[in-house]
**Student:** 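Pasting a structure here, questions to come.
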Amino acid sequence: MIQTDFLVIGSGIAGLTYALKMAERFPDKKITVVTKAAADETNTKYAQGGIAGVTDFENDSFEKHINDTLIAGDGLCNEKIVEIVVKEGVQRISEIIEWGAKFDKDADGDYMLGMEGGHSEYRILHHKDVTGKEMERALIEKVQQFTNIEFHKHWFVIELITQHHLGYLVTKSTPDIQCYGVYALNTNNNQIEKILAGTTLLATGGNGQVYRSTTNPAIATGDGTAMVYRAKGRIENMEFIQFHPTALYEPGVGGQAFLITEAVRGDGGILRNKKGEAFMERYDERKDLAPRDIVARAIDSEMKITGTEHVFLDCRHLDKDKFIHHFPNIYEKCLSIGIDITQHQIPVAPAAHYSCGGIKTDEWGRTSIRNLYAAGECASTGLHGANRLASNSLLEAMVFGHRAFEDASQLPQTSIDPALIPDWDSAGTTDPREMILITQSLKELQLLMSDYVGIVRTNVRLERAMRRLDLLWEETEKLYVSTTLSPQLCELRNMITVAYLIVKGAQFRKESRGLHFNTDYPEKSPILQNIVL
């Protein structure tokens with residue numbers, strides 16, 4: 001058993017911001033960071049484009065950034081939250097620069113600002129095309145300066161510990177659900193241990209792996225969202241899955257898709273179909289700089305019309321030296337598969353990219369469960385509404401990592417007699433005889449979500465998806481209670497739960513709004529509604 005003052009699940013930008021600030025304020029307190037992979041293997045690391053923030057007050061303003069965010073969110077943003085993030089985000093950006101993050105500057109030493117879809121001004125700070133990786137590097141180096149931060153790598157968190165584990169009946173209507181910590185599988189010795197904490201922060205990232213093609217890393221399996229739902233916490237707006245319009249299309253290559261950042265279109269890249277037509281002008285007056293939901297649906301439409309599996313991103317007219325300087329990672333990746341961007345168009349297709357919904361939180365990152373906070377992609381703060389504005393996510397993660405810290409640092413910590421928390425009971429379980437039972441179910445899950453619950457949805461597809469999910473859930477629960485636990489089994493279980501929440505949210509939403517487009521309800525409802533499960 002481990003006891004700690006502040007427990008952080010996840011080591012991306014939200015989790016490390018929180019851990020770092022706690023360590024600075026409370027040098028005598030213990031902060032424990034648990035991550036299921038290496039410390040830097042996070043969704044943050046793969047955020048290419050940049051971080052949005054108002055730094056050029058001559059040409060830009062908070063009001064413009066707020067308005068752009070509200071327009072992208074299609075009526076469902078919480079305006080108070082949008083104002084908080086946009087205004088406080090500037091402080092957080094200054095902070096991470098102080099901590100060592102390096103953003104690109106021009107020859108005069110001024111920060112180079114990029115433009116992306118949905119933004120009305122140049123306001124995106126970036127580090128070439130690996131911005132998230134640079135920010136993660138700076139945070140990890142800073143965190144390592146504090147001896148009161150303890151990392152547990154390659155630990156898989158299984159469940160939140162609540163009154164349920166003390167023998168009490170806990171339901172959605174229970175008013176005072178309390179989090180005491182977590183059960184976690186230490187994959188270094190295959191032991192399941194209790195980690196008891198005064199306060200717990202979930203910063204577990206996204207859930208893109210429920211789809212066959214995603215820009216997310218293999219770790220993005222929706223673990224935090226699934227755990228909170230099982231613990232009877234509130235989950236919100238899971239139907240809003242953002243598909244990045246331009247993931248690199250590589251025939252026959254599975255797993256994580258390589259992201260072609262939206263900033264390429266911001267610098268002048270043009271989407272073309274099989275016939276070579278620049279088609280975006282037919283879908284939106286903003287053409288290639290339209291918000292992602294519009295661009296993704298347009299690409300999906302062109303692929304269906306032409307019967308192809310991808311469209312093209314044309315960068316042949318762009319300045320080669322400038323492209324290589326700004327997007328070296330993309331240039332090298334394309335070259336490695338025989339695509340010279342000065343001579344060839346880049347084949348691209350939409351891929352699951354970002355979850356706008358998640359664990360419902362308030363303006364301080366509090367969840368519906370006491371002493372439990374959530375920040376980053378796993379949280380639904382109200383910032384994104386029905387569609388995330390490009391490059392707002394890193395900003396949101398830092399703002400709510402900070403806000404959760406401010407609130408939790410003043411909160412009376414929960415305490416419980418450790419003897420009351422039972423050890424994990426694995427009696428009667430045996431090692432799984434066939435891993436194919438897990439791997440095949442995962443393939444089925446990803447296939448049905450991609451085919452039935454993708455960019456465009458229908459009632460029939462959603463009904464089919466739910467029936468198949470019911471069967472997968474039943475089979476997986478039998479495995480869960482009868483076999484010894486593995487990260488693969490726990491991830492499958494979490495992904496089935498997340499997929500259920502996405503489908504259920506989509507079924508409840510009788511309209512088309514933002515990232516959710518149902519051909520049976522093509523119009524927006526006059527009633528603005530958040531779907532809380």
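Just so it is clear, the structure is predicted and the values come from calculations on it, not from any experiment.
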**Student:** Aromatic rings His119 and His65: how do their planes relate, parallel, tilted or perpendicular, breaks at 30° and 60°?
**Tutor:** tilted
**Student:** With rounding to the nearest 0.5 angstrom, report the CZ to CE distance, Arg265 to Met115.
**Tutor:** 13.0 Å
**Student:** Between Thr246 (side chain only) and Ile260 (backbone N and O only), is there a donor and an acceptor less than 3.5 Å apart?
**Tutor:** yes
**Student:** Is there any salt bridge (charged side-chain N to carboxylate O under 4.0 Å, His left out) pair reaching into residues 510-525, and which pairs are they, with sequence neighbours excluded?
**Tutor:** Asp74-Lys524, Arg509-Glu511, Glu511-Arg513
**Student:** For the side chain of Thr367 and the backbone of Ala374, is there at least one donor-acceptor N/O pair under 3.5 Å apart?
**Tutor:** no
**Student:** With heavy-atom distances below 4.5 Å as the criterion, would you say the side chains of His516 and Tyr521 are in contact?
**Tutor:** no
**Student:** Does a donor on one side chain sit under 3.5 Å from an acceptor on the other, for Asn207 and Thr225?
**Tutor:** no
**Student:** Does Ser450 use its side chain to pair, donor to acceptor, with the backbone of Arg212 at less than 3.5 Å?
**Tutor:** yes
**Student:** Provide the full list of salt bridge (charged side-chain N to carboxylate O under 4.0 Å, His left out) pairs with a residue in residues 378-405, sequence neighbours left out, each pair given once.
**Tutor:** Glu88-Arg403
**Student:** side-chain contact (heavy atoms from CB on, under 4.5 Å) with Val460: which residues, sequence neighbours excluded?
**Tutor:** Thr458, Arg464
**Student:** Quick one: ring-ring contact (aromatic ring centres under 6.0 Å, His included) pairs with a partner in residues 372-397, sequence neighbours left out?
**Tutor:** Tyr354-His384
**Student:** Is the backbone N or O of Gly454 less than 3.5 Å from a side-chain atom of Arg457, with the two atoms forming a donor-acceptor pair by type?
**Tutor:** yes
**Student:** For Ser213 and Pro350, which heavy atoms make the closest approach, and how far apart are they?
**Tutor:** OG-O, 4.4 Å
**Student:** Ion pair present between Arg137 and Glu134, side-chain N to carboxylate O less than 4.0 angstrom?
**Tutor:** yes
**Student:** With sequence neighbours excluded, tell me which residues meet side-chain contact (heavy atoms from CB on, under 4.5 Å) with Gln529.
**Tutor:** Ile531
**Student:** Let me confirm one number: the CG-CG distance from Leu383 to Asn392, rounded to the nearest 0.5 Å.
**Tutor:** 5.5 Å
**Student:** Just to verify, what does Tyr480 make a ring pair (Phe, Tyr, Trp, His ring centres under 6.0 Å) with, not counting sequence neighbours?
**Tutor:** none
**Student:** Go through it in stages, so that I can follow the logic: the residues are Leu462 and Val453, the test is side chain to side chain contact (heavy atoms under 4.5 Å, CB included), and I'd like the CA-CA distance, side-chain angles, deciding distance and then a yes or no.
**Tutor:** CA-CA 7 Å; Leu462 294 174; Val453 202; 3.9 Å; yes
**Student:** Can you tell whether the side chains of Asp68 and Lys64 come within less than 4.0 Å, N to carboxylate O?
**Tutor:** no
**Student:** If you define the side chain from C-beta out and look only at heavy atoms, does anything of Phe400 sit under 4.5 Å from Ile81?
**Tutor:** yes
**Student:** When you look at NZ of Lys172, are more than 12 heavy atoms from neighbouring residues, nucleotides or ligands closer to it than 6.0 Å?
**Tutor:** yes
**Student:** Under the ring pair (Phe, Tyr, Trp, His ring centres under 6.0 Å) rule, what do Tyr180 and His165 come out as? Steps first, then yes or no, please.
**Tutor:** CA-CA 10 Å; Tyr180 303 111; His165 298 94; 9.2 Å; no
**Student:** With the threshold set at 4.0 Å, does a side-chain nitrogen-carboxylate oxygen contact exist between Arg468 and Glu444?
**Tutor:** no
**Student:** Look at Lys80 together with Glu83 and state whether they make a salt bridge at an N to O cut-off of under 4.0 Å.
**Tutor:** no
**Student:** If we ignore hydrogens and angles and just use 3.5 Å, is the side chain of Gln242 paired with the main-chain N or O of Cys356 as donor and acceptor?
**Tutor:** no
**Student:** Are Gln209 and Asn216 linked by a side-chain donor-acceptor pair shorter than 3.5 Å?
**Tutor:** no
**Student:** Counting only heavy atoms not in Tyr122 (residues, nucleotides, ligands), do more than 12 fall under 6.0 Å from its OH?
**Tutor:** no
**Student:** Do the side chains of Cys490 and Leu185 get nearer than 4.5 Å, heavy atoms only?
**Tutor:** no
**Student:** How close do Ser409 and Met22 get, counting heavy atoms only, and between which atoms?
**Tutor:** N-CE, 3.6 Å
**Student:** So how far is it from Ile299 CD1 to Ile455 CD1, rounded to the nearest 0.5 Å?
**Tutor:** 8.0 Å
**Student:** Within this structure, what is the NE2-CD distance for the pair His126 and Glu116, rounded to the nearest 0.5 Å?
**Tutor:** 9.0 Å
**Student:** Without swapping roles, check the side chain of Ser301 against the backbone of Arg297 for a donor-acceptor pair under 3.5 Å.
**Tutor:** no
**Student:** Suppose we screen for ring pair (Phe, Tyr, Trp, His ring centres under 6.0 Å). Which residues come up paired with His310, at least two apart in sequence or across chains?
**Tutor:** Tyr249, Phe312
**Student:** Is the closest basic N to carboxylate O distance between Glu95 and Arg92 below 4.0 Å?
**Tutor:** yes
**Student:** Can you tell me which residue pairs pass the ring-ring contact (aromatic ring centres under 6.0 Å, His included) test with a partner in residues 199-218, sequence neighbours excluded?
**Tutor:** Tyr211-Phe243
**Student:** Considering only heavy atoms from C-beta outward, does the side chain of Arg286 approach that of Met280 to under 4.5 Å?
**Tutor:** no
**Student:** For Lys232, look at atom NZ and say whether over 12 heavy atoms of other residues, nucleotides or ligands are found less than 6.0 Å away.
**Tutor:** no
**Student:** Hey, are the side chains of Asn371 and Thr200 touching, using non-hydrogen atoms and a 4.5 Å cut-off?
**Tutor:** no
**Student:** How far apart are the closest heavy atoms of Ile124 and Ala52, and which atoms are they?
**Tutor:** CD1-CB, 3.8 Å
**Student:** Applying salt bridge (charged side-chain N to carboxylate O under 4.0 Å, His left out) as the test, list every pair that has at least one member in residues 213-223; sequence neighbours left out.
**Tutor:** Lys36-Asp223
**Student:** Does His402 reach the side chain of Gln91, with side-chain heavy atoms less than 4.5 Å apart?
**Tutor:** no
**Student:** For a quick check under 3.5 Å, do His353 and Thr215 share a side-chain donor-acceptor pair by atom type?
**Tutor:** yes
**Student:** Distance alone, cut at 3.5 Å: any donor-acceptor contact between the side chains of Asn518 and Arg461?
**Tutor:** no
**Student:** For Met238 and Gly357, which heavy atoms make the closest approach, and how far apart are they?
**Tutor:** SD-C, 3.9 Å
**Student:** Going by an N to O cut-off under 4.0 Å, is there a salt bridge joining Glu477 and Arg493?
**Tutor:** yes
**Student:** Consider only side-chain N and O atoms of Tyr168 and Thr174, and report whether a donor and an acceptor are under 3.5 Å apart.
**Tutor:** no
**Student:** State which residues pass side-chain contact (heavy atoms from CB on, under 4.5 Å) with His164; sequence neighbours excluded, sorted by chain then number.
**Tutor:** Thr162, Val170
**Student:** Output all residues satisfying side-chain contact (heavy atoms from CB on, under 4.5 Å) with Thr4, sequence neighbours left out; order by chain, then residue number.
**Tutor:** Leu7, Lys30, Thr32, Ile195, Ala197
**Student:** Could you tell me which non-hydrogen atom of Gly208 sits nearest to which non-hydrogen atom of Ala352, and how far apart they are?
**Tutor:** O-CB, 4.2 Å
**Student:** Drop me the distance from Ile359's CD1 to Glu236's CD, to the nearest 0.5 angstrom.
**Tutor:** 11.5 Å
**Student:** Which atom names give the shortest non-hydrogen contact between Ala386 and Leu76, and what distance separates them?
**Tutor:** N-CB, 3.9 Å
**Student:** Kindly indicate whether the side chain of Val295, heavy atoms from C-beta on, has any atom under 4.5 Å from the side chain of Asp288.
**Tutor:** no
**Student:** Answer yes or no: is there a side-chain heavy-atom contact under 4.5 Å between Ile51 and Ser391?
**Tutor:** no
**Student:** If you round to the nearest 0.5 Å, how far is CZ of Arg467 from CG of Leu448?
**Tutor:** 12.0 Å
**Student:** Going by the rule side-chain hydrogen bond (donor to acceptor under 3.5 Å, both in side chains), which residues pair with Glu463 if we only count those two or more places apart in sequence or in a different chain?
**Tutor:** none
